[in-house]
Amino acid sequence: MREPRPLRSRAPGTASAFYHDGMSAESPNDPDLSVAIIRGGGVGGFLTRTAVSADSLPAEAASGLRRRVRSVSVDAASAQAARPSGRHPDELLYQVVIDDAGERTTLELAESQLPDSVRDLAEYVDTRPERTLEIEPPAGP
Amino acid sequence: MTTFRHLCGSITAPTMRPCCYIAPPHVLAVLAEEGSPEQREAAINALAASASMRGRRSLLTALVQAEVDVQALAAVPPSQAKITVYDVAQGGQAALPGTKVRGDGDPPSADDAVNEAYDGAETTYKFYEGVYGRNSVDDKGLELVSSVHYSVAFDNAFWNGTQMVYGDGSGRIFAVGGLTRAIDVIGHELTHGVTQYTAGLEYHTQSGAVNEHCSDVFGSLVKQHSLGQTADQADWLIGEGILVPGLGEALRSMKAPGTAWRYDTQPGTMSGYQNLPDDTDPRNDNGGVHINSGIPNHAFYLAATAIGGNAWEKAGKIWYDTLTTRLTATSDFRDLAEKTIACAEDLFGAGAETAAVQSAWHSVGVLP
């Protein structure tokens, strides 16, 4: 049996500390929020890093990003408790890194474990024109 | 396939994985000609079920020459692939498999991805059935389920333990629609199913790299077989043309590992082996399963081209038998090397084929 995938955070405590909301979801100014989705594995074994910062987004989109981050926090406890059923060949491995007001939270999940909220956040980041995309070999920097 | 089973000697290995020894065609032909009525019927059924269309024509010729009553063959329907394609309509894991859009006997869809997934699964099914006598990934006729249009602009295809899943590609890494167009990628993924039902290779570190390697081998052989290419004619690329222009020509090269795409770091020998952590960090690729697979991949290429001819016939047969009857869940590169050599000797004696396999493993540094 594989060890559970960790939910890591610099913040002490449990999954309830996954997200510290310093602003309301409606706040148009959210300069300290950024999200990176790092994917590895897959049929190609590629490593990709897609990232977006709230300060690069229009106010409405920044609020959308904040809202999705908050949804991820709701799912954090269940994601943390998830026990992988095994490694599926070629499925993507995700590392979601949320930097918020100087605090970093990292979530590592496989495709088959991905909560809808994390998928929604990842798809939102993927489809923002302001995003950055880097492609690297596995074991890259 | 019931009567086919009558001609298989099933045993249970210590690991409780079933092994099936299939009577070779020449033995079946003798039984079809000289056996008891029951044996004749079983042999003809088995021959008909296990032969591909091309193989069936050759077989027919052989049986005519042997004065076997070939009329009986016409009465035996070919075995049926059970292939189903679903549209998951950009949903995720929870939405799988989606809505059924094509099954056996259905006309082609207006959706290219549906037809490509269906045709690719059928081609792979027929390859395994015709070349190695295998009835689907579990050798028991398991329905091959594929779902297309997974997630949004999803850059991946994978086997989730029960079915195939295809994304559309984002157009930034994989070409849009590219993942279902590549027959070797479909063969690669379905071979993960074969591995799951046979050796059960654990998907991390060296056993994971052997798992990936076996999928690349048979993915490439499905493509070579479909194109009628010999080992010398094949390009030995995996996923040729599915990346966006500028990123590279393919995902991997078995002929020249490390050259397929812009950041391809696959080693071709043990001197380049990357000892990556076996953890949940996506940077480490489950301990480098897609990186270090370049080493056995290159060994297979060297063996197949040294043996010559159609790679699926001898080199492929050695690897197929090794995967399905000799490897275990924790087999590493050395185990794979030793067992393919032993398998080659059992199949072909201590001749050129065995020497080619031995030489290949020495060349890539797995054996000293």
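Throughout, protein chains are lettered first and strands after them, A, B, ... in sequence-line order, and every chain is numbered starting at 1. Source: prediction; values computed, not measured.
A cation-pi geometry, defined here as NZ or CZ lying under 6.0 Å from the six-membered ring centre and within 45° of its normal, holds between A:Arg68 and A:Tyr124.
The only member of B:Val85, B:Asn156, B:Ile186 that meets side-chain contact (heavy atoms from CB on, under 4.5 Å) when paired with B:Tyr166 is B:Ile186.
In this structure, no portion of B:Gln266 lies under 4.5 Å from any heavy atom of chain A. Heavy-atom distances place the side chain of A:Leu133, and not its backbone, under 4.5 Å from chain B. At a 4.5 Å heavy-atom cutoff, B:Ser293 makes no contact with chain A through either its backbone or its side chain. Residue A:Arg119 touches chain B through its side chain alone, counting heavy-atom pairs closer than 4.5 Å. For chain A, the nearby part of B:Leu179 is the side chain; its heavy atoms alone come within less than 4.5 Å. Using a 4.5 Å cut-off between heavy atoms, B:Leu243 contacts chain A through its side chain alone, with no backbone atom that close. Contacts of B:Glu212 with chain A are made by side-chain atoms alone, with heavy-atom separations under 4.5 Å and no backbone atom involved. Looking at B:Leu247, the atoms closer than 4.5 Å to chain A (heavy atoms on both sides) all sit in the side chain, from C-beta outward. For B:Arg262, no part lies near chain A; criterion is any non-hydrogen pair under 4.5 Å.
Between the side chain of B:Ser147 and the backbone N or O of B:Pro97, at least one donor-acceptor pair lies under 3.5 Å. A donor-acceptor pair is defined here as one N or O able to donate and one able to accept, closer than 3.5 Å; such a pair exists between the side chain of B:Ser207 and the backbone of B:Glu202.
Comparing B:Pro282, B:Gly288, B:Ser170 by heavy-atom pairs within less than 4.5 Å of chain A, the highest count is held by B:Pro282. Highest contact tally toward chain A, considering only B:Gln196, B:Glu189, B:His204, B:Gln274, is held by B:Glu189 [criterion: heavy-atom pairs under 4.5 Å].
Looking at A:Thr127 and A:Glu123, their side chains never bring a donor and an acceptor atom within 3.5 Å of each other. Side-chain contact annotation: A:Asp90 with B:His290, donor-acceptor N/O pair under 3.5 Å present.
Expressed to the nearest 0.5 Å, how far CD1 of B:Ile173 lies from OG1 of A:Thr50 amounts to 6.5 Å.
Using a 4.0 Å cut-off between charged nitrogen and carboxylate oxygen, B:Arg172 and B:Asp155 do not count as a salt-bridge pair.
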